[in-house]
Structure formats: C-alpha cells, structure tokens
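Chain letters run A, B, ... following the sequence lines, proteins first, then strands; residues in each count from 1.
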Amino acid sequence: MLATTSGSFRPAGSLDAGSALLPYRGAWNARRAAHLLRRAGFGGSPVEVSAFAAMSMDGAVDRLIHFPDTSQLPAGPQLGEDEPRKVLRAMAMMAAAPGQPAPALTTDQIKAIGKAHFDNSVAMMQWWIGRMIATPAPLQEKMTLFWHGHFTTAYEGKGITASDIVTQNQLYRSYALGNIRKLTLAVSHDPAMLKYLDNRANRSQHPNENYARELMELFTLGIGNYTEQDVRESARAFTGYTLDADDQFVFNPRQHDDGSKTFLGQTGNFTGDDIVNIIFQQPAAAQFFARELLEYFVYSDPEPQLVDAIAWQLKKNYFDLTPVMSVLLRSNVFYSDRAYRALVKSPTEFVVGSYKLFSLPPSDIDQPVLGAMTRMGQRLFYPPNVKGWDGGAAWINSGTLLTRENLASTLCANPQMMQTATWLTQGASLDPKTLSSHIVTQVLQDDISPALRVQLDAYLNGAGTSALGMLSGENFDERIRGAVYLAMATPAYQLS
Amino acid sequence: MQSRAGFLLGSLSGLTVVAKNADFFGRALAQAPLSGPTGPTDNNVLVLINLQGGNDGLNCVVPYSMPQYYKYRPTLGIAQGDVLRLNDQVGLNPGMKSFKAMFDKGQVAVIQGVGYPKPDHSHFRSQEIWQTADPEGYSSTGWLGRYLDAAKLPKDNLFNAVAVSPVLPEVFGARTVDVPALDGNLRGYGLTSDRKAGGAAAFRSMLSDTTQPFNSPYLGKVAEIEANAQRGSEELPKLVAGYKTDAQYPNSNLARSLALAAQMVGSQLGTRIIYVTHGSFDTHTSQKGTQDRLLEQFSDAVSAFYADLAAHGNDKRVLTLTFSEFGRRVAENASRGTDHGEAAPVFMLGGNVKGGVYGNHPSLDDLDNGDVKYTTDFRSVYATVIEKWLGRSSQGIIAGNFPSLPIIAA
C-alpha cells in the first residue's frame with residue numbers, strides 16, 4: 001500500500017518500458033556516480049564520488065554488488081543484560097522467595113530495567129550507524145536497512161531483548177542480497193519475530209493469527225491476495241513455531257495443529273514452512289517485492305509495466321536478489337532523469353550521508369544525533385508499527401525538515417569538521433564565486449537553482465554585513481561552515 | 001484586512017501596544033476567527049485523539065451486566081464490583097476515575113458499538129479506513145483533510161489544523177491544505193541557529209524556489225513545506241507564549257500534547273482541529289496491566305485538559321472525539337491478551353455534548369466470527385461532528401448518507 005497522504009509521487013513523463021531494464025550506455029560522470037552511491041548506499045564522500053566516477057558504470061556497480069570483506073568492522077554492539085529478572089538479579093534486588101509471586105517493583109527497580117534497555121538501544125544504534133558510515137560494502141548495510149523496515153521488529157515490549165534484535169539484524173545482513181524465500185523462512189524462525197508478532201504463543205488449541213496475517217499482508221503478498229480463511233488456515237500451520245527455554249526457535253509438535261489445512265487453494269497437513277513456500281508460488285509475491293524494490297531504489301509509485309518487468313526478473317532468478325539488483329542498478333530507468341533525485345532521503349540516509357560528506361568519525365554518533373533521528377521520524381530498531389516506515393512524503397513535514405536543518409547546523413559547527421573534510425580547504429578559494437561553486441559541486445552535485453547560487457555567492461561575500469565582512473582569511477572558517485549549512489538546507493539535499 | 005483589524009482594535013484599546021508588536025500581534029489578530037465567515041460554530045475547535053493499536057472496547061466500557069462477558073474473559077474480565085458504573089448495563093474501566101467524574105457532570109457521551117461493514121483486522125488498513133472514512137475505496141485524502149479543503153479557512157494561517165505527531169496522519173491528507181506536524185513540547189520546532197550573519201536569511205527565504213536543474217516529483221512538496229516550516233516555527237512559539245495556566249497535567253505524552261492544545265486554543269490562533277495520539281493499545285499478550293495504565297493516563301490527561309480549558313473559559317469551545325482502529329476479539333487468547341477485533345465504543349466530550357450513553361451495546365450472543373457486530377456506523381459520528389460542531393454539510397466530505405446523531409446541543 002502506498003502512502004496516500006498526497007496522492008502519487010510518480011515522476012512526470014512516461015516510461016519507455018521496452019528499454020527500461022536495458023543497460024545504461026549514457027554519460028558516466030560524478031553526478032551519476034553520486035546518484036548510484038546515494039541509492040545503493042548512503043551517499044559517497046567527495047573522494048568516493050570521484051573514485052566511482054573514474055570507473056566504468058559496470059565497474060562501479062560490480063564494486064557495490066559484490067561485497068568486499070567486512071570482517072574488520074565490529075560484528076556487534078557491546079550489550080548489557082536487559083532481561084528484567086536478570087537485571088534485578090544482577091542488582092541483587094529480587095526479593096521474592098522461590099515459589100512466591102514476585103513483589104510489585106519499586107521505582108528504582110523500574111528505573112534500572114528502563115536504563116538497561118535504553119543503554120542497549122543506544123549501543124545498538126551507535127554500532128549500526130557506525131557500520132553504515134565505515135563499511136566498504138554500503139549496499140550490504142542498505143539492504144539490511146531495507147529488510148529492517150520490511151520484516152520489521154521493534155525493540156520494545158513482548159520480552160524482546162537487545163540480543164534478539166542484533167541476531168535479527170545479522171540475519172538481514174547475511175541475506176542482504178540473498179534469496180528472499182529463504183530469508184522469509186528464516187524470519188519465520190527468528191526469535192525476535194516470533195516474539196514481536198506473537199507466534200510463540202500460537203498453539204493448536206488457541207491460534208494466534210498475528211504473524212500469519214502480517215506475513216501475507218505486509219511481508220509477501222499484500223492485501224487483496226488472500227482471504228480471511230487463508231489467514232486462519234495459515235495460523236494453524238504456524239502453531240508450534242515457538243521458543244525454547246533459551247529463547248531459541250523450536251518446533252513443538254504438541255502445540256502444532258497437524259490436521260489438514262486449505263491455503264490459497266492447496267490442501268495438505270501444512271507446516272509454516274509449507275505456507276511460506278506456497279506464498280512464493282503466487283504471482284502476487286513477485287509483484288509485491290518488485291514494487292518494494294522499485295519504490296526503495298528507483299522511484300515512487302512505479303508503473304505496472306516496470307513492476308511486471310522486475311517481477312519477471314525475480315521469478316526467473318527464483319527470488320535470488322543479486323542478479324535482480326545487478327540488472328536494476330545498471331538499467332536505463334535507474335539512471336533516467338525521471339529517477340534522479342526522485343526519492344526523499346530517509347533520516348538514516350541524511351545522517352550517514354552527512355557524516356560521510358564530512359568524514360566525521362562514527363564514534364561521534366551520540367545522543368543529540370540519535371535524538372534528532374527520532375524527531376526526523378526514524379529511530380532505528382523502533383519502527384512506528386509492523387508496517388515499518390512509510391517513507392517518501394511521510395518523511396517531510398515542518399517538524400522533520402526543521403530537525404534536518406538543525407542537525408546540519410550542528411554538524412557544520414563541529415570543531416573537527418575543517419580537518420576531517422579535507423575537500424573543504426583543498427581547492428577552496430577566497431573568491432566567493434569559486435568557493436560557492438566548489439561547495440555546490442561537492443555537496444549538491446550542482447543541483448541548485450540559479451537564484452539560490454547567486455544568494456550563496458552573496459552570503460559568502462558578506463552581503464548584509466559591513467565592508468569588513470567580505471570573505472577573507474579571517475572569516476573563511478565561519479563563512480564556509482555557514483555556506484555548507486545553507487547548501488544542506490536546500491531541497492536537493494533532502495532528496496536522493 | 002490584516003492591518004485593518006489591527007488598526008481597529010488598536011484604536012479601541014490603546015495604540016502603542018499594537019504599534020510596537022505590529023508584526024506578530026497583527027498576524028495573530030488576522031488569524032483569530034474575526035476574519036473568517038461569521039457563524040455560531042466559527043470558534044469551535046475539534047480535538048481528535050487516536051487511541052492507536054486497537055483499544056479493547058469490552059474492557060474499556062465494560063458490559064458487566066452480560067454473563068457472556070465473564071465467560072469469554074475468564075482472566076481478563078473486570079469484576080462487577082470494580083467497574084465504574086455508567087448505568088445498569090455498562091461501566092468504565094477502573095483506571096478511568098477522573099473520566100467517570102466528567103461523565104457524572106454530563107460532559108461525556110459514550111457511543112457504543114461503533115464500526116463499519118466488512119471490518120478489516122489489519123492495523124494499517126483499519127487505521128486508514130477510520131482516517132479516510134472510506135471503507136470500500138482507497139481515498140488519498142482524510143476526512144478532516146476534506147473538511148479543511150472545503151472550509152476554506154484563512155489561507156495565511158498555518159495553524160488552521162495541527163497534528164501533534166511525528167508523522168502527518170492520513171486524516172489530514174488534503175488536496176490544498178498543508179498541516180504542520182510537531183511534537184508536544186515544540187522542542188525541535190524551530191531553527192536553533194539560523195547562521196543569520198550576512199545573507200543567510202535571504203538565502204533561506206528563497207529555498208522554496210523550484211527552478212532547480214532537476215525535476216523531482218517531491219521538489220514542490222519539499223519547497224512548500226520548507227517555507228511553511230520556517231514561517232510557522234518562527235511564529236508559533238511567540239503566538240502561544242502569552243498563555244498562562246495553573247493547570248496540573250500528569251506526566252505522559254498525551255498530557256503534554258493536550259497541554260499544547262490548550263495553549264493553542266487559549267492563544268486565539270484560529271486553530272480549528274488538533275490531532276493527538278495515545279497508545280499502543282495492541283494488547284495481544286498480558287493486556288490488563290497495559291490497557292489499565294493507558295486508560296488511566298488517557299482519563300487523567302483529558303480531565304486536566306478540560307480543567308485547563310475551563311479555567312480560561314474555553315471548555316465549551318472544544319469538542320474532543322476519540323477513535324481507535326478496532327476493538328478486540330471477544331474471547332481472550334491464551335496469552336492473557338486479545339487479538340484484533342471489530343466494533344468498539346468511542347467517546348465524545350466537552351463542547352456542547354449532551355452527556356450519556358448512546359447506541360446499543362453489541363450483543364455477545366450474536367457474534368461475527370468471534371467479534372462484536374457494530375451498531376453505529378463511524379461515519380454517522382463524523383457527520384455529526386462536521387454538521388453539528390464544525391458547521392458544514394458533510395456532503396462531499398463523508399461519502400454516503402449517514403445521519404447525524406442527537407449528541408451535540410444546537
């Protein structure tokens with residue numbers, strides 16, 4: 001389902017369906033390379049953009065699709081114990097005698113549990129955002145983010161621990177461009193998901209339909225491609241998919257309804273795995289993932305012919321993503337003017353891209369940055385609901401845009417920035433026109449209106465200040481920070 | 001228009017005040033409903049509270065007189081002695097004491113069994129249905145968005161409607177009107193450092209320029225919201241800063257949102273609709289602790305809100321309507337929770353509401369696959385609000401023919 005707040009955001013013009021997926025043979029330059037890096041990653045630093053522009057298009061895509069070794073990156077965050085009983089035990093505050101009901105928690109105990117949870121959430125976000133910034137395989141992290149928004153799970157309630165969430169995150173990374181059907185099977189056994197959508201409580205005598213329903217509605221088929229009866233029957237098939245005492249997946253035959261089920265026209269003594277396999281035989285599944293991929297990587301509300309073409313690629317490749325993305329990232333439609341800046345940057349893309357622009361160290365991702373991400377509408381590991389983030393127009397409102405600008409302002413005031421972002425001073429000039437041109441190229445790939453460019457020159461030259469305010473060695477530092485901030489406030493910088 | 005209103009009031013009440021603050025008081029006056037079409041409902045405000053996640057209707061307005069309720073809810077059923085009785089059939093969840101006090105003063109209408117035909121059990125689809133008032137189609141506009149499009153409120157007022165929400169809700173989806181979404185304490189709603197020195201302001205004032213060397217489908221939207229955000233964020237804190245209150249709000253997000261709502265209502269911004277959220281009510285497991293706490297927070301926040309409004313003489317100007325995407329399954333599940341269901345009660349309070357219990361409680365003998373059947377269509381509730389409170393015909397806003405309910409006094 002599309003975000004429907006303001007109608008369609010399909011680009012103007014029409015699709016040339018015949019050539020849409022043929023390899024792009026047009027000009028290859030920094031602007032196209034930066035586009036590829038924004039879409040298949042989180043944006044490139046000026047150094048990366050030049051390096052990718054110097055390759056061929058095919059070479060650049062190959063570099064992104066075949067992930068280099070990432071074993072030098074931290075494999076996971078440092079987590080503390082967050083299971084409430086264990087937190088309290090560690091604090092020696094469990095007062096209940098064995099066999100007695102636990103006493104009501106004191107305020108201090110509740111605070112300790114909350115703090116353990118909060119500290120872990122910060123550690124997880126710092127770890128993952130840090131990976132996105134530092135990784136030599138940005139598409140791997142981009143796909144991990146895609147799956148996090150797709151098969152979404154929140155680190156909130158339902159007994160979900162930080163280690164469940166990290167395990168799930170690593171599952172998504174390991175399947176980044178892998179097989180979607182196999183990933184869906186793995187998700188159906190994933191402890192965080194079994195908790196989040198209550199399947200661990202799905203028993204033959206008391207079916208719980210939550211997972212079975214969302215599996216079809218939000219994860220694989222979309223509404224209208226199954227009936228309420230299919231939901232009930234598949235919930236029966238998923239009975240007994242639960243967790244053992246160590247919170248690991250276990251199939252419990254005593255809780256499983258092994259009777260006959262009729263699901264999407266097929267009848268048998270199905271298990272949950274059978275349900276997943278039947279789902280991926282439906283034409284609607286390929287259509288569903290094709291639309292999701294196009295909306296995430298190309299543009300909003302893609303034409304049905306384009307969806308069909310990608311759906312066919314998915315079917316042809318038995319839902320293996322690497323060959324499909326290889327076609328998509330080389331295609332005419334991907335590099336078309338209609339796709340250019342045709343998506344809204346997510347808050348994660350905005351933050352990671354800005355850190356890369358300034359080469360700021362990931363260790364800098366701290367509470368103010370994480371708080372800003374929440375206000376921009378994307379707190380990682382806390383999707384608003386099981387649908388994940390709507391994205392697109394939903395990222396843009398007064399509050400979120402102001403937060404983006406305030407964060408840009410904070411980053412531009414970072415004392416390290418002038419040292420880490422070497423491009424700021426290399427090739428810089430005390431001539432306002434040359435300097436504004438330099439900034440506009442590095443930050444915006446020249447995507448600025450002529451009128452705004454004139455205003456930026458005027459700003460750099462001290463318009464509205466005294467004669468002493470003209471651009472000089474004395475005010476260079478302050479002025480260039482201000483000009484970069486202004487460039488980051490332009491519409492182009494909000495768009496991918 | 002703007003300067004005329006400012007001048008007229010200025011000459012009556014002492015010129016200097018207006019002259020000194022012409023910029024923002026002038027605008028505030030222009031935004032007060034003085035300039036709109038005049039009518040008895042032009043000062044009325046609607047507050048919409050979204051109880052997100054699916055509030056269990058049966059444990060909110062409890063049918064304690066129905067034995068089947070206790071049969072279906074062996075562990076979750078609320079004992080007769082604990083229910084806050086509204087009449088000899090139903091009563092409120094025991095967490096809702098302050099709300100019960102408002103009911104006793106005749107300020108609360110409880111509408112039972114509200115829903116729609118062929119109910120959808122998905123959070124998103126059902127939220128979408130409640131927000132668009134379009135159960136059969138996929139409308140791209142919300143019911144209040146269509147009201148705003150039709151009402152033609154003063155165009156230069158950025159605060160005709162406000163969503164206290166991180167993401168703009170579908171209910172405000174409109175063809176022509178842009179609604180700001182902001183957080184309850186206004187933190188982050190404003191530029192912390194505008195780098196004003198030399199020309200930054202001139203640059204910023206041109207950010208809405210759309211003659212860019214690329215043609216993005218989102219460009220117009222980003223440019224427009226950018227301009228609105230800038231102007232709105234400069235004005236709103238100043239406009240509401242003069243509001244003084246002694247009201248004691250509890251510590252919850254809903255209470256903070258409603259405190260801001262009272263501030264906006266009391267500051268004469270011309271705001272007609274305010275949307276706030278509370279939740280999550282998605283209680284598949286261990287429902288009791290969660291739902292009781294959420295309902296207590298709701299009850300205490302709403303009660304503080306109306307005390308604040310009343311202290312400023314605004315309680316009769318503000319009607320509050322609650323909704324949730326669905327009620328929950330009648331039978332509790334094995335996890336001491338409840339799964340997604342169908343019809344549920346809604347509350348209408350404040351304003352000219354005629355307090356009481358309306359509609360029929362759905363039968364617990366005649367279920368729709370384990371769910372209660374609706375007895376009042378939600379579009380009748382919306383039509384009532386539009387016609388009796390916001391003073392417009394609901395034609396073109398609510399598709400179909402849904403009669404108003406006799407809940408709001410003329």
Per-residue contact mode, [X] against chain A (heavy atom under 4.5 angstrom):
X        : result
B:Thr211 : both
B:His121 : both
B:Asn369 : both

As an exercise, state the distance from [atom1] of [X] to [atom2] of [Y], rounded to the nearest 0.5 Å.
X        : Y        : atom1 : atom2 : answer
A:Thr400 : B:Ile225 : OG1   : CD1   : 8.5 Å
A:His206 : B:Ser335 : NE2   : OG    : 9.0 Å
A:Met216 : B:Ser122 : CE    : OG    : 12.0 Å

I want to check something: taking the side chain as every heavy atom from C-beta on, are [X] and [Y] in contact at a cut-off of under 4.5 Å?
X        : Y        : answer
B:Phe214 : A:Asp337 : no
B:His123 : A:Lys387 : no
B:Asp120 : A:Ile223 : yes
B:Gln212 : A:Leu452 : yes
A:Asn208 : B:Asp339 : yes

Name the region of [X], side chain, backbone, both or neither, that has any atom closer than 4.5 Å to a heavy atom of chain B.
X        : result
A:Glu228 : side chain
A:Glu156 : neither
A:Arg213 : side chain
A:Asp447 : both
A:Leu401 : side chain
A:Arg404 : neither

> Are the ring centres of A:Phe9 and B:Tyr218 closer than 6.0 Å?
Replying inline: yes
Restricting to non-hydrogen atoms, name the atom on [X] and the atom on [Y] that form the minimum distance, rounded to 0.1 Å.
X        : Y        : value
A:Leu486 : B:Phe203 : O-CE2, 3.3 Å
A:Thr490 : B:Leu207 : CA-CD2, 3.8 Å
A:Ala12  : B:Asn215 : CB-ND2, 4.3 Å
A:Arg31  : B:Pro213 : NH2-O, 3.4 Å
A:Ala489 : B:Glu226 : O-OE1, 3.3 Å
B:Ser216 : A:Ala342 : OG-CA, 3.8 Å

>> Shorter than 4.5 Å, heavy atoms on both sides: which option in B:Pro180, B:Ala202, B:Gly232 has the most such pairs with chain A?
In response: B:Ala202
>> Out of B:Val171, B:Val222, B:Leu219, return the one with the most heavy atom pairs under 4.5 angstrom to chain A.
In response: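 Ranked by contacts with chain A, first place is B:Val222.
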>> I'd like to know if A:Glu217 and B:Arg125 make a salt bridge, using a cut-off of under 4.0 Å between side-chain N and carboxylate O.
In response: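 Here A:Glu217 does not pair with B:Arg125 in a salt bridge, since their nearest N and O are not under 4.0 Å apart.
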Among the options [options], pick out the one with the most heavy-atom pairs lying under 4.5 Å from chain B.
options                                : value
A:Val386, A:Asn461, A:Asp446           : A:Val386
A:Ala492, A:Ser449, A:Pro450           : A:Ser449
A:Gly371, A:Ala339, A:Pro207, A:Ala451 : A:Ala451

> So which bits of residues 280-291 of chain B come within less than 4.5 Å of chain A, counting non-hydrogen atoms only?
Replying inline: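 Residues of residues 280-291 of chain B touching chain A at under 4.5 Å: B:His284, B:Thr285.
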> Got a sec: does the CZ of B:Arg336 have more than 12 other heavy atoms crowding it under 6.0 Å?
Replying inline: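 Not more than 12 within 6.0 Å, no.
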